[in-house]
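Note sheet for the following structure.
Labels below follow one simple rule: chain letters A, B, ... track the order of the sequence lines, proteins then strands, and each chain is numbered from 1. All values reported here derive from a predicted model rather than from experimental measurement. FYI, side chains are in, hydrogens and waters are out, and symmetry mates aren't considered; it's all heavy atoms of this structure.
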Amino acid sequence: GQQLNQSPQSMFIQEGEDVSMNCTSSSIFNTWLWYKQDPGEGPVLLIALYKAGELTSNGRLTAQFGITRKDSFLNISASIPSDVGIYFCAGVRSGGGADGLTFGKGTHLIIQP
Amino acid sequence: EPEVTQTPSHQVTQMGQEVILRCVPISNHLYFYWYRQILGQKVEFLVSFYNNEISEKSEIFDDQFSVERPDGSNFTLKIRSTKLEDSAMYFCASSVTDQGEQYFGPGTRLTVT
């Protein structure tokens with residue numbers, strides 16, 4: 001099946017630092033989504049990307065849909081304590097139908113005060 | 001802001017028993033999904049549902065699983081004879097379009113003993 005390779009697996013940073021994480025795949029995706037998940041809760045949608053090359057921001061978050069449609073990155077600027085959590089990339093593959101999302105394994109963000 | 005709701009938040013059941021997990025998707029959404037997340041792992045797609053029928057299902061969604069939209073608001077996942085390995089968080093999600101943003105509920109934690 002399709003897999004998304006997400007890196008890094010975890011990040012230990014200081015408050016105020018910028019963060020960067022990415023996802024790559026051997027398959028093409030039509031849509032890239034980035035979610036944040038807090039312990040015991042459901043994934044919360046952060047950013048959605050629909051076009052190759054698209055760069056989208058949501059506050060301190062910026063994400064890009066790779067030109068090849070096989071990768072995406074998420075940047076968080078000036079991290080704050082509430083940014084702690086697990087960040088997942090997810091892709092919707094090409095083709096019709098109600099495709100399920102393929103998720104990466106997540107990047108665990110830990111912020112040291 | 002509209003959100004996906006799920007009940008119960010936690011279900012404990014004995015191996016071999018049937019369970020029904022319930023979801024109320026966002027009201028104007030047309031596509032519905034179930035995902036599961038085993039503790040510490042990534043979110044995995046189970047099934048998608050559109051126009052009162054299954055649109056796509058993964059290898060995980062075997063004959064033990066079924067989905068139903070019994071009325072205009074609820075969307076259910078039934079596991080006929082639970083196994084220990086069915087223990088996981090189960091998330092419902094919904095979207096307006098088949099390639100669009102999927103919004104997740106808070107999840108049901110299923111514990112099979």
Where does B/Y35 contact chain A at under 4.5 Å (heavy atoms): side chain, backbone, both or neither? side chain

Within a radius of less than 6.0 Å around NZ of A/K105, do more than 12 heavy atoms belonging to other residues, nucleotides or ligands occur? no

Please flag which part of A/Q37 lies under 4.5 Å from any non-hydrogen atom of chain B: side chain, backbone, both or neither. side chain

Of the backbone (N, CA, C, O) and the side chain (C-beta and beyond), which part of A/L45 lies under 4.5 Å from a heavy atom of chain B, both, or neither? side chain

Shortest non-hydrogen contact between A/E41 and B/F91, atoms and distance: O-CZ, 3.6 Å

Would you name the heavy atoms of A/V92 and B/D98 that are closest together and state the gap between them? CG1-O, 4.3 Å

Minimal heavy-atom distance between B/Q102 and A/L33, with the atoms involved, is N-CD1, 4.2 Å

Is there a continuous path of hydrophobic side-chain contacts, each under 4.5 Å between heavy atoms, that joins B/F32 to B/I54? yes

Part of B/E44 lying under 4.5 Å from any heavy atom of chain A: neither

With a sphere of 6.0 Å drawn around CD of B/E85, does it hold more than 12 non-hydrogen atoms of other residues, nucleotides or ligands? yes

Run the numbers on B/F45 and A/F103 for ring-ring contact (aromatic ring centres under 6.0 Å, His included), then give the verdict. CA-CA 8 Å; B/F45 169 70; A/F103 276 81; over 10 Å; no

Is there a donor in the side chain of A/Y50 and an acceptor in the side chain of B/E101, or the other way round, less than 3.5 Å apart? yes

Between A/Y35 (side chain only) and B/Y103 (backbone N and O only), is there a donor and an acceptor less than 3.5 Å apart? no

